[in-house]
Amino acid sequence: MDETTVVSTRIRLARNISGLPFPHKLAQTPAMQVVDKVGKALAPVDSFSRYDMGKITKLDGTVLQEKHLISPDLLNDCPFGSAFISPDETVSVMVNEEDHIREQVIMNGFSLDEAFDKINTLDDVLSRDIKFAYSPRFGYLTSCTTNVGTGMRASVMVFLPALTGLKLIENCVNGMSRLNMTVRGVYGEGSKAVGCLYQISNRHTLGVKEGDVLNAVRSAINNIIEAELRARAQLKYNETELRDDICRAWGTATNAYKLSTSEAMQLLSLIRLGGYYGYIEIKDLAEFQKIVISCQPANIQKLGGNNLEPSARDVFRAHYIAAALGEIAKKCDI
């Protein structure tokens, strides 16, 4: 049942180039030389698209951020930053963010081993042309000491509507902390959880091996899956109210004239939960998650036209969600 709880898996590696100051100390010319160097090293891997933060529009950058392909820091605070993104958007390499290189792999579902294999191969390719800053004692050297060591963050995005609805999420956050895990919102550090979506990742990178990190995250996620499924069983004790909430959400999402981002996320959260209980038939959860991403402000603006006013954007979002849900989901007549 983890496919109804786990949305996606992301593994990120932080790397720096030996002999160079960290990015916040780099002037424009050497910073752009780093970008060119990374691009050249990536050429044998795939046909990556390059996005220079100093050249793309704010809208296009926010679209990438909402898709989790770049960080808010890269977009807003790194004038010499760039990103290389694979055609299928499963691989993203940020350059000159907090570190010279941030390699990232995102995969659907609970895919820790597959994501690690993919990023490990990518890291090997980059290390053939780039000498990473590495200490035999400490491991990979990073701008922030919390990333020293493996430089690896294994992050799993989970959907926890029952724990959230029953106000048990704080207990779970505390439990994750005791397991040396960090719980964040959808867009990482400092962000809020929206649509009952949370990111859970390892806290420690120093003094541990990559396999230890994967096993610790896997164990923590299995624990929270079990807690969420118990909470979902508890929610069903009052099935009449539960089903009414979900059916009302379906009716609003498929018939509303306008929807704000926050309302859309609440409705989609209930509809996804309805898929678990069998009140809503959802053909493809990965496609459903694409709807969640596409209804975010910048993505919906891009879909509807760059010059949409906020009110017109809300109208377009409602029509988009109704049409998209019609393609992949339907209310079950039980």
Check your understanding: For Thr261, does its backbone N or O pair with a side-chain atom of Gln266 as donor and acceptor, under 3.5 Å?
Key -> no

Exercise for review: Answer yes or no: is there a donor N or O on one side and an acceptor on the other, between the side chain of Ser111 and the main chain of Met107, under 3.5 Å?
Suggested key: no

Review point. Should we count NZ of Lys118 as having more than 12 external heavy atoms under 6.0 Å?
Key: yes

Review point. To the nearest 0.5 Å, how far apart are CD1 in Ile200 and OG in Ser155?
Key: 8.5 Å

Check your understanding: Yes or no on side-chain contact (heavy atoms from CB on, under 4.5 Å) for Met53 and Leu75, after CA distance, side-chain angles and deciding distance?
Key -> CA-CA 6 Å; Met53 296 302 106; Leu75 177 61; 4.3 Å; yes

Point to revise | Asp99 and Arg15 ion-paired at < 4.0 Å | key: no

Check your understanding: Can a donor-acceptor pair be found between the side chains of Gln65 and Ser71 at a distance below 3.5 Å?
Key -> no

Point to revise | Heavy-atom donor-acceptor pair, Gln199 side chain to Val156 backbone, under 3.5 Å | key: no

Exercise for review: Give a yes or no on whether a salt bridge exists between Arg102 and Glu98, defined as a side-chain N under 4.0 angstrom from a carboxylate O.
Suggested key: yes

Review point. Taking Thr254 for the side chain and Trp250 for the main chain, is one N or O donor matched with an acceptor at less than 3.5 Å?
Key: yes

Exercise for review: Check the side chains of Ser219 and Asn222 for a donor-acceptor pair under 3.5 angstrom, ignoring hydrogens and angles.
Suggested key: no

Practice item. Indicate yes or no for a side-chain donor-acceptor contact from Thr205 to the backbone of Val148 under 3.5 Å, with no hydrogens or angles considered. Key: yes

Exercise for review: Report yes if some heavy atom in the side chain of Thr5 is under 4.5 Å from a heavy atom in the side chain of Leu229; otherwise report no.
Suggested key: yes

Exercise for review: Look at the side chain of Asn202 and the backbone N and O of His204, then say whether any donor-acceptor pair between them is shorter than 3.5 Å.
Suggested key: yes

Check your understanding: Under the 6.0 Å and 45° cation-pi test, does Arg50 pair with Phe84?
Key -> no

Practice item. Kindly say whether Leu69 contributes a backbone atom to a donor-acceptor pair with the side chain of Ser92 at under 3.5 angstrom? Key: yes

Review point. Are Phe132 and Tyr134 near enough that their ring centres are under 6.0 Å apart?
Key: no

Check your understanding: Do we get Arg272 above Phe288's six-membered ring, with its NZ or CZ under 6.0 Å from the centre and within 45° of the axis?
Key -> no

Review point. Quick one: does Asn299's side chain have a donor or acceptor within less than 3.5 Å of a partner on Cys295's backbone?
Key: no

Exercise for review: Ignoring hydrogens and angles, tell me if any N or O in the side chain of Asn147 forms a donor-acceptor pair with the backbone of Ala14 under 3.5 Å.
Suggested key: no

Exercise for review: Would you mind checking if Asp124 and Arg128 are paired as a salt bridge, meaning a charged N to carboxylate O distance below 4.0 Å?
Suggested key: no

If you look only at distance, which donor and acceptor atoms sit under 3.5 Å apart when one is on a side chain in residues 208-216 and the other is two or more places apart or in another chain?
from	atom 1	to	atom 2	distance (Å)
Asp212	OD2	Lys209	N	3.2
Asn215	OD1	Arg218	NH1	2.9
Asn215	ND2	Gly211	O	3.2

Check your understanding: Of all residues at least two apart in sequence or in a different chain, which pass the side chain to side chain contact (heavy atoms under 4.5 Å, CB included) check with Leu20?
Key -> Ile17, Val34, His100

Practice item. Please assess Arg12 against Glu103 for the test side-chain contact (heavy atoms from CB on, under 4.5 Å), listing each intermediate value before the final yes or no. Key: CA-CA 5 Å; Arg12 187 214 72 196; Glu103 309 165 37; over 6 Å; no

Point to revise | Expected output: side-chain Asp284 to main-chain Ala286 donor-acceptor under 3.5 Å | key: yes

**Study point:** Passing candidate, side chain to side chain contact (heavy atoms under 4.5 Å, CB included) with Ile85, options Asp46, Leu64, Val91
**Key:** Leu64

Check your understanding: More than 12 non-hydrogen atoms from neighbouring residues, nucleotides or ligands closer than 6.0 Å to CZ on Arg203, yes or no?
Key -> yes

